[in-house]
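What follows is a set of notes on a single structure, which appears directly below.
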Amino acid sequence: MSAVSSRLPVFPWDRLEPYKATAAGHPDGIVDLSVGTPVDPVPAVVQQALAAAADSPGYPTVWGTPALRDALTGWAERRLGARGLDHRNVLPVVGSKELVAWLPTQLGLGPGDKVAYPRLAYPTYEVGARLAGAEPVVYDEPTELDPAGLKLLWLNSPSNPTGRVLSADELRRAVAWAREHGVLLVSDECYLDLGWEADPVSVLHPDVCGGSHEGIIAVHSLSKRSNLAGYRAAFLAGDAAVLGELLGLRKHGGMIVPAPVQAATIAALGDEAHVTEQRARYARRRTALRAAFEGAGFRIEHSEASLYLWATRDEPCWDTVEFLAKRGILVAPGEFYGAAGERFVRIAFTATDERVEAAVRRLAD
């Protein structure tokens, strides 16, 4: 029996461990800016909803409660500008990474099929293609792809790792091209609430999709906007036919968001005050870190949205990682996100105010 893991690349974060050890040896401790994991409290309104639903002895449904589906469609209409959504157009999932990794398999893709994603991208797009036995294909411009054999096209705006935001016109062209060639377009929009120098737009906005959800799906997560990475709360919105197929498969697989997390999701999507508060925290940290890194000789590219700064000292990324680790600062090498990132590092501003201040001081020395 062959090991499925043999299809996959080496887990990138394992390669960072020696540098993490170096950074941890700093007299004042490590400042970990490598993984974009939330560090601030889960909003009280969400904690309360989770606790209130703690006595949930029965099996929840894969599709979620009607109240959850109402919350998902309502939020997509308010925040994304989507029109004409009903319960068939939404599907809760167990965190967005699970969905990204298993979507090609759940769509029935395999050898002979192609999955395309940006040249600089979240590594799990490639992992998903390889798990299914499909061919991963990178692109600079999606409309220049060869459509032969292409079954799934990933967009990611705002981008992880670069923070680049696709304009409504760029999104519109990609949607039109995918529909013309019969390619399912899936847009990873998990950082959409975190635009700083740009206002990200969803593929579900009528100006992009023409008011039709045919052939398009948007992926959203509460990990970043609501500090719910530990809850594994995410959802899909878009083409009802595709989501219906996924729902049927996921019922058989038991891919179920726990009932208390469903209740917490409803509370999180119904409250914007905590989102505004968290944005303000990130904005302060972003401003401080950007000034500090630029003052230390780094150049920042893109980074107009998301939770990261895409930075370079015009040297191999591992040299930069080592330079910072010796100062007790850990960042992610750009090579993790594709060969095009080999001279960049990704700097997360998901660290406490105290740790951000520590990094600023060290970079000024």
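For Asp207 and Arg172, the salt-bridge test fails: no basic side-chain N is under 4.0 Å from an acidic carboxylate O. With respect to Asp365 and Arg362, no salt bridge is recorded, no charged nitrogen being found less than 4.0 Å from a carboxylate O. The pair Arg299-Glu301 meets the salt-bridge criterion, since a charged nitrogen lies less than 4.0 angstrom from a carboxylate oxygen. Salt bridge status for Arg15 with Glu335: present, with a side-chain N to carboxylate O gap under 4.0 Å. A salt bridge links Arg361 with Asp28: the closest approach of a Lys/Arg side-chain nitrogen to an acidic carboxylate oxygen falls below 4.0 angstrom. Classification of Glu197 and Arg286 as a salt-bridged pair holds, one side-chain N sitting under 4.0 Å from a carboxylate O.
At least one side-chain heavy atom of Tyr19 sits less than 4.5 Å from a side-chain heavy atom of Leu330. Contact annotation: the side chain of Tyr308 never approaches that of Ile347 to less than 4.5 Å [non-hydrogen atoms, C-beta and beyond]. Counting only heavy atoms from C-beta outward, the side chains of Val42 and Leu50 never approach each other to under 4.5 Å. No side-chain heavy atom of Val115 sits under 4.5 Å from any side-chain heavy atom of Lys151. In this structure, the side chains of Tyr282 and Trp196 come closer than 4.5 Å at one or more pairs of heavy atoms. Within the 4.5 Å cutoff, no side-chain heavy atoms of Val345 are placed close to those of Thr312. Looking at heavy atoms from C-beta onward, Arg179 lies in side-chain contact with Ser212 at the 4.5 angstrom threshold. Residues Leu145 and Lys114 have side chains not in contact (no heavy-atom distance under 4.5 Å, counting atoms from C-beta outward).
Remark: the backbone N or O of Asp86 is paired with a side-chain donor or acceptor of Asn89 at under 3.5 angstrom. When atom types are taken as modelled, the side chain of Thr124 and the backbone of Val127 share no donor-acceptor pair closer than 3.5 angstrom. His213 places a side-chain N or O within donor-acceptor distance of the main-chain N or O of Arg83, the cut-off being under 3.5 Å. No donor-acceptor pair under 3.5 Å is formed between the side chain of Glu342 and the backbone N or O of Pro316. Looking only at distances, no side-chain donor or acceptor of Arg285 sits under 3.5 Å from a matching main-chain atom of Ala283. Formation of a donor-acceptor pair under 3.5 Å by the Ser303 side chain with backbone atoms of Ile300 is not found in this model. Distance alone, capped at 3.5 Å, is enough to place a donor-acceptor pair between the Glu170 side chain and the Ser167 backbone. A donor-acceptor pair is defined here as one N or O able to donate and one able to accept, closer than 3.5 Å; such a pair exists between the side chain of Gln262 and the backbone of Val257. The backbone N or O of Val183 lies less than 3.5 Å from no partner atom in the side chain of His181, so there is not a single donor-acceptor pair.
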message: Checking Arg250 against Glu98 for the salt bridge (Lys or Arg N to Asp or Glu O under 4.0 Å) test, could you report, in this order, the C-alpha distance in whole Å, the side-chain angles of both residues, the deciding distance, and whether it holds?
response: CA-CA 12 Å; Arg250 293 171 70 87; Glu98 170 261 304; 2.8 Å; yes

task: Apply the test salt bridge (Lys or Arg N to Asp or Glu O under 4.0 Å) to residues Glu322 and Arg327: give CA-CA distance (whole Å), side-chain angles for both, the deciding distance (0.1 Å), then the verdict.
output: CA-CA 9 Å; Glu322 182 179 24; Arg327 287 154 180 80; over 6 Å; no

message: Using side chain to side chain contact (heavy atoms under 4.5 Å, CB included), reason through Glu135 and Asp113 one step at a time and then give a plain yes or no.
response: CA-CA 6 Å; Glu135 179 184 349; Asp113 297 323; over 6 Å; no

message: Assess the residue pair Asp314 and Arg343 against the criterion (salt bridge (Lys or Arg N to Asp or Glu O under 4.0 Å)); give the C-alpha distance rounded to whole Å, side-chain angles, the decisive distance to 0.1 Å, and a yes or no.
response: CA-CA 6 Å; Asp314 294 310; Arg343 298 179 74 82; 5.3 Å; no

task: Could you go through the salt bridge (Lys or Arg N to Asp or Glu O under 4.0 Å) check for Arg284 and Glu277 one step at a time?
output: CA-CA 11 Å; Arg284 291 193 302 270; Glu277 181 180 355; over 6 Å; no

query: Where do His87 and Asp70 land on the side chain to side chain donor-acceptor pair (under 3.5 Å) test, with the steps shown first?
result: CA-CA 7 Å; His87 287 191; Asp70 283 342; 2.7 Å; yes

message: Would His274 and Ser226 count as a side chain to side chain donor-acceptor pair (under 3.5 Å) here? Give the steps.
response: CA-CA 7 Å; His274 77 272; Ser226 300; 2.8 Å; yes

- prompt: Can you check side chain to side chain donor-acceptor pair (under 3.5 Å) on Asn160 and Arg346, steps first, answer last?
  reply: CA-CA 9 Å; Asn160 174 15; Arg346 193 195 73 171; 2.8 Å; yes

task: Show your working on side chain to side chain contact (heavy atoms under 4.5 Å, CB included) between Leu184 and Leu153 and close with a plain yes or no.
output: CA-CA 6 Å; Leu184 178 64; Leu153 170 62; over 6 Å; no

Criterion side chain to side chain contact (heavy atoms under 4.5 Å, CB included) on Leu192 and Arg79, from CA distance to verdict: CA-CA 10 Å; Leu192 188 130; Arg79 179 63 185 87; 3.4 Å; yes

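Between Phe293 and Phe298, the two ring planes are perpendicular [angle over 60°; tilted spans 30° to 60°].
Counting heavy-atom neighbours within 6.0 Å of Trp102 CH2, excluding the residue itself, gives a total of 12 or less. Environment of CZ in Arg279: crowded, with over 12 heavy atoms of neighbouring residues, nucleotides or ligands closer than 6.0 Å. More than 12 heavy atoms of other shown residues, nucleotides or ligands fall within 6.0 angstrom of atom CZ in Phe11. Heavy atoms from other residues, nucleotides or ligands lying under 6.0 Å from CD of Glu141 number more than 12.
Nearest heavy atoms, Glu189 versus Val203: OE2-N, 2.8 Å. Between Asn156 and Asp188 the shortest heavy-atom distance is ND2-O, 3.0 Å. Considering all non-hydrogen atoms of both residues, Ala267 and Ala49 come closest at CB-CB, 3.6 Å. The shortest non-hydrogen separation linking Ala218 to Ser202 is CB-OG, 4.3 Å. Taking all atoms of both residues into account, the shortest heavy-atom contact from Ala351 to Val39 is C-CG2, 3.7 Å. Residues Ala229 and Pro38 come closest through the heavy atom pair CB-CD, 3.7 Å.
Side-chain contact check for Asp32 and Ser34: at least one donor-acceptor pair (N or O, by modelled atom type) lies under 3.5 Å.
Sorted by first then second residue, the ring-ring contact (aromatic ring centres under 6.0 Å, His included) pairs that include residues 126-156, not counting sequence neighbours, are Tyr125-Trp154.
Using a 4.5 Å cut-off between side-chain heavy atoms of Ile, Leu, Val, Met, Phe, Trp and Tyr, with links allowed through other members, Val219 and Leu246 fall into the same hydrophobic cluster. Val242 and Val208 are assigned to two separate hydrophobic clusters, defined by single-linkage of ILVMFWY side chains at heavy-atom distances under 4.5 Å. By the criterion of side-chain heavy atoms lying less than 4.5 angstrom apart, applied directly or through intervening Ile, Leu, Val, Met, Phe, Trp or Tyr residues, Leu33 is grouped together with Leu16 in one hydrophobic cluster. Using a 4.5 Å cut-off between side-chain heavy atoms of Ile, Leu, Val, Met, Phe, Trp and Tyr, with links allowed through other members, Leu85 and Val175 fall into different hydrophobic clusters. No path of Ile, Leu, Val, Met, Phe, Trp and Tyr side chains, each step under 4.5 Å between heavy atoms, connects Trp310 with Leu166, placing them in separate hydrophobic clusters.
To the nearest 0.5 Å, atom NE2 of residue His302 and atom OG of residue Ser159 are 8.0 Å apart.
Cation-pi geometry between Arg69 and Trp63 is met: the NZ or CZ atom falls under 6.0 Å from the ring centre, inside 45° of the normal. A cation-pi contact, defined as under 6.0 Å to the ring centre and within 45° of the axis, links Arg313 to Phe323.
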